[in-house]
Amino acid sequence: MKRYVYINDDEASRQQLYCVNRISNRKYTVLNFLPKNLWEQFSRFMNQYFLLIACLQLWSLITPVNPASTWGPLIFIFAVSATKEAWDDYNRYLSDKKANEKEVWVVRQGIKKHIQAQDIHVGNIVWLRENDEVPCDLVLMGTSDPQGLCYIETSALDGETDLKTRVIPSACMGIDFELLHKIKGLVECPNPDKDIRRFDANLRLFPPFLDNDVCPLTIKNTILQSCYLRNTEWACGVAVYTGNETKLGMSRGIPEPKLTAVDAMIDKLTGAIFVFQIVVVMVLGIAGNVWKDTEARKQWYVQYPDKGPWYELLVIPLRFELLCSIMIPISIKVSLDLVKSLYAKFIDWDNEMIDLETGIPSHATNTAISEDLGQVEYILTDKTGTLTENRMIFRRCCISGIFYGNESGDALKDVELLNAIASSSTHVIHFLTIMAICNTVVPIKSKSGAISYKAQSQDEDALVNAAARLHMVYANKNGNILEIRFHGLIIQYEILETLEFTSDRKRMSVVVKDCQNGKILLLSKGADEAILPCASAGQQTRTFVDAVEQYAQLGLRTLCLAWRELKENEYREWSFMFKEASSTLVDREWRIAEVCQRLEHNLEVLGVTAIEDRLQDGVPETIETLRKAGINFWMLTGDKQNTAIQIALSCNFISPEPKGQLLLIDGKTEDEVCRSLERVLLTMRSTFSQPKDVAFVVDGWALEIALRHHWEAFTELATLSRTAICCRVTPSQKAQLVELLKSCDYRTLAIGDGGNDVRMIQQADIGVGISGREGLQAARAADYSIGKFRFLKRLILVHGRYSYNRTAFLSQYSFYKSLLICFIQIFFSFISGVSGTSLFNSVSLMAYNVFYTSIPVLVSVLDKDLNEETVMQHPQILFYCQAGRLLNPSTFAGWFGRSLFHAIVVFVISINAYAYEKSEMEELSMVALSGCIWLQAFVVALETNSFTKLQHLAIWGNLIAFYIINWMFSALPSSGMYTIMFRLCRQPSYWITVFLIVAAGMGPILALKYFRYTYRPSKINILQQAERRGGPILSLGSIEPLQARTIEEDVSPLSITQPKNRNPVYEPLLSDSPNSTRRSFGSGTPFDFFQSQRLSSYSRNCKDN
Amino acid sequence: MEVDGASTSNGGASTSNGRANGGRSRRTAFDLFKQQQLPACKPVLTPVWVITAFMLIGSIFIPLGLVTLHASRSVVEIVYRYDAECVPKAFRGNKVSYIKNGSIPKNCYRSLKVHKHMKAPIYIYYQLDNYYQNHRRYIKSRSDQQLLHGHAHYDTSSCQPEEYNNGLPIVPCGLIAWSLFNDTFTFIRGRAELKVNRKNIAWESDRDHKFGKKVYPINFQNGTLIGGAKLDPDIPLHDQEDLIVWMRTSALPSFRKLYGRIEEDLEADDVVFVTLMNNYNTYSFGGKKKLVLSTTGWLGGKNDFLGAACIFVGSSSIILSIVFMLLHVKYRR
């Protein structure tokens, strides 16, 4: 599949083979907005359900209340989400419009014309000036630079802020400025894709620019949409991809929405309630029909006809269906969406998560998954840039067996090295030359004469800077000619070829020609295992291996430098092959790698550089805290095994011997890997019960084999091990590991900073990107972006935990209040001839869910069960969230029971207190409703752990608002409840009844809660008590130390028992270890059955918190 | 609740924030909200607090219960079930045919003995048991618009099956009006008839705003099936107080409706003779009819439930607080 682009051919572009350059990110148009949006909303089960209920309510025979009581909220909810969608879409439209109507210079019929960007066709030549934004994907044709270079900033595309050089294809080299208007030719390129690092195409120019050769094009010859032209006066290029078919346009896409564990649980509970509702409806429906046939026909005043219509049997069940439909609260989705966006805002606003160096605040891109942060079980982290600062500093080196910088820890200050440079020792000079020029760095001279370097890789930056400080200054790059200043001497090299770095090759080389003596040199640098095997047969590489080993022990990043002199004809021959490989369209990368291999052999290894990458601030503390919180860490890095282990040791990732133990999985063949895997598994199982820190280390090669052939064994290992170090892994392996952990039903969080982490970040339940030095690519793809690794602690322990707790309360409470009123309706049906009469009037029913009960609970987003400091000091407490202790079927059963109990209290007290002459329908219904409102206010108050002014306002203000609203309705003569509320409020019996309901309803709840809190406290309760007593109340000072010790004793078992017992099957049944109920809410295993007793008692402990 | 000094524990965090902001500037409430650092009070369920709370509940509700119970007990009421006894012996076996037979006189004479002094006003209620005014078919069968504005232009489809008769609209329409209670009572003490005030028995708000002054009964109880009482077509609905009372439907299957007031005291051992017209059919569904004479207190009629429940809740709280106190003493930490 290829695309043929005829350059500057007005005929071809008129045929409209390809789309015009109109960008459209819109989801809707004005016409299809309503149907499409409604369709989308109704594809959700909940909405279908509510629509069905609302439609049934239009049938006046069965509706117990005014249809408005469902239609109102439904329309409101739909309007809210539709407005949000419309607003987003409108903003997208505006930004599209702005981009589309931007004026650009395009060649039309040989003349430059100013047209709107949306009118660019494929094949047009587009002219850009400095600082212009590129309107579509272009292949460069000419620039103002005599060498055909131009600089672009690609931050909008990949987030990298450095300038990139782009070069015009060799065929266009030297074409006159004027002639560029008339250029004709053919670009043969693949169909649009979203790979922004790859463009394998060919260019052929037509007469009079005829060139016999087909000129290969790479990504280096393109400038892509949304980049900016910098440091170049002008550039022009031919449009190859336009509109939504550009590389940027293709990579845009709506990511699959992530569903949190809490959401899944809420859906499950909703399903359970739905089933319960159906059962209730069936039972009541049958009872109603039986009652009708036996009793109602005798009640002459009802005038039941002897023969009804055919659907008669259905009428009563359907009425009950409508009556019970409020069991599933219509407001829950809206409230959840609302509080979730507030959680996200809290993350955005958090001052303590602002990176002070750059001033970048944390950001929650995905606003829907904050609860999952509190339930993380595995963190998979990248090393470079995530744990470390990714600020590389050249520290040591080893040149032909001599170690520099070992004493001072800084080779730049090592006198011996300086002496060697001064005496122009050959090896040292070569070494420095490679450091200075074997790279893709661009030196930029500022006006003051100072040289700064634009490098794509931090390692190269460190090497070039270090070389400059060692007097080998990479001064200028002029086309292919490099200038190096060494002790005042200017040495020029001509770059012949660059053999680029890829993560497969793990090395890069340049072929240069020394302009002084015409020698052709191959300069290489790369990872030790990529360079040392290529060393010439005669050379002893022992010392270098030792050096690499030694540096890695210190946690330094090593690179081996090597060189070789090439014969003229050898180079010619190879250059031909290289050119051929570079212009292939299929498998270009692989072909090039193969060709490069032919040159990179027989190298003379010069030495090893060691670059330090310091740990970020607070990394060890963060990892320690999070590990205490029961989160398992896996480190996935592309770095060497030894470096990785050293970093792991220094950041508390693993404990040193004898407490910790590292198990190695290695091997080159399938058998070796299998054997070592089994050995490790055996050790793992045997150390399972000991409080020992066991970690396994695996490298990319062995991992590949293990994942392919020993998936099950490796999965078992993954579940047994709390810590793992995977080194030399590729981006796709990172993603595979995430997948593996997810398939074991663990909540995973992936954190990284670079482009190689993007896949892992997208794959994980939660992706966290560090907006670091490797660009924003990871941060863009992630759900959360933070400035520093240490913010992860706060993100999880504070934001994640609070979000989980709050949502757990909010969702269960929503069900509680709906069930409460529904149970009362059900009870009432038993004294109203099972006929489906609603006790409450339409206004009350509608307002109950929308106003009376939703506002107090919304402020629970401010609730904090424990102070942030306490949580940070006792991270073990996160366990309650991880294990889903606060929202699971058994806590839900507690709320269910509570609503049943409250319904009984309200119902029994109100029908007995308002019996006989007071039993007027409207009055009784308001008494019952008042009872519900009062109870729910007190329930919220009792479940709130910390009261801010807002909470008081919402809870008690809401209660007052209830009366005000009802007084207003009572003042309307046309409303059904005219004067009712005034009458009631004057009756002493009303107030006594309400207080009685509150006392009878809340007394047992309070007693139970107090009993658990004091005599069966959960760990959260213990910390709460400690926090509040150990705080400002100094009169209890004498008890305090004792108190503190008991807390330690109470909490510490958590941390000790945590490392083991991953798998619930190995659990001692009566252990107090929190793991005993760890995963047991996922039903299905027989084990759950035995656990359930313990689970229920345990989880009821925390239910009331 | 016991409060730990407006959360000084947040103080530490806010100072560090202050540093981050570059100095301790006064932060607005919205900033505090954004940082989730609004000053909060954290109530603790301390034993002292909980035990006191339960004690307090107990000490409020027991006296309240006693007062309520006393108020209820001081109400004197006479409840007399007459539905069974007012059926002549010959018809005891088939009460339904008795009540449906219009030719049999429905007069019934009973005497009530007053066992305690009853202070005026004495309310006369009729009580119906096992009567489902709250049945969905029944409760919906009315038209508030028609009651207020007359039959003219309003949709009365909710009134079915008592919407039209012989093609003419019924005012007041619907099952509720159609089944209007039609037993009547007259009271004689000694020789003199007791004056029963039948005015102002309905809610004033209902008369003024729910039942029109110019709406007259039309075509009411003219069908083949006669439900309950007939209405005088010359009196507007506004003044048909029995209807207004009846149309305030009851939420419970057993209810009392006001019939009138006796505005004289009844002395203990007075004997009141009641002449009643036993017209209303409760026999077909086994409902009971009762005549109730009751005085009233500040809580309304006689109803021991509230008082008893208050005492129960109060004493349970006291017991709970004692239990918690014992637990606290035993497991003192």
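Proteins get letters first, then strands, A, B, ... in listed order; numbering begins at 1 in each. What you see below is based on every heavy atom in this structure, not just the backbone, and it leaves out hydrogens, waters and symmetry mates.
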* Will you find, in the side chains of A/Asn867 and B/Lys42, an N or O donor that is under 3.5 Å from an N or O acceptor? -> yes
- Message: So B/Gln37 and A/Lys864, do their side chains get closer than 4.5 Å, heavy atoms only?
- Response: yes
Heavy atoms of B/Asn134 and A/Ser832 approach each other most closely as OD1-CA, 3.2 Å
**Prompt:** Ring centroid separation for B/Trp203 and A/Phe982, is it under 6.0 angstrom?
**Reply:** no
Looking only at A/Leu924, A/Asn912, A/Val798, A/Thr948, the option with the highest number of non-hydrogen pairs under 4.5 Å against chain B is A/Asn912
Are the side chain of A/Tyr1015 and the backbone of B/His328 linked by a donor-acceptor contact shorter than 3.5 Å?
-> yes
*Is any side-chain heavy atom of A/Ser835 less than 4.5 Å from a side-chain heavy atom of B/His135?*
yes
Intermediate values then yes/no, ring pair (Phe, Tyr, Trp, His ring centres under 6.0 Å), B/Phe285 and A/Tyr301: CA-CA 10 Å; B/Phe285 54 88; A/Tyr301 52 88; 5.4 Å; yes
Practice prompt. Please lay out, stage by stage, how B/Glu162 and A/Gln303 fare under the test side chain to side chain donor-acceptor pair (under 3.5 Å).
Written response: CA-CA 9 Å; B/Glu162 288 296 324; A/Gln303 283 196 10; 2.9 Å; yes
>> Any non-hydrogen side-chain atom of A/Tyr978 less than 4.5 Å from a side-chain atom of B/Asp206?
In response: no
Could you check whether any side-chain N or O of B/Gln36 sits under 3.5 Å from a backbone N or O of A/Leu862, counting only pairs where one atom can act as donor and the other as acceptor?
no
Ring pair (Phe, Tyr, Trp, His ring centres under 6.0 Å), that's the test. Do A/Trp291 and B/Tyr132 meet it? Break it down for me.
CA-CA 12 Å; A/Trp291 197 88; B/Tyr132 289 90; 4.9 Å; yes
Is there a side-chain contact between A/Lys345 and B/Lys34 in this structure, where contact means two heavy atoms from C-beta onward sitting under 4.5 Å apart?
no
Between B/Tyr125 and A/Tyr916, ring centroids under 6.0 Å
no
- Task: State yes or no: are the ring centers of B/Phe33 and A/Phe346 separated by less than 6.0 Å?
- Result: yes
For this session: Report the C-alpha distance between A/Tyr1013 and B/Val44 in whole Å, list the side-chain angles of each, state the deciding distance to 0.1 Å, and finish with yes or no for side-chain contact (heavy atoms from CB on, under 4.5 Å).
Result: CA-CA 10 Å; A/Tyr1013 187 81; B/Val44 192; 3.7 Å; yes
**OP:** Mark yes or no for whether A/Glu917, through its side chain, and B/Gly301, through its backbone, hold a donor-acceptor pair below 3.5 Å.
**Re:** yes
Okay, A/Tyr304 and chain B: the region with an atom under 4.5 Å from a heavy atom over there is both
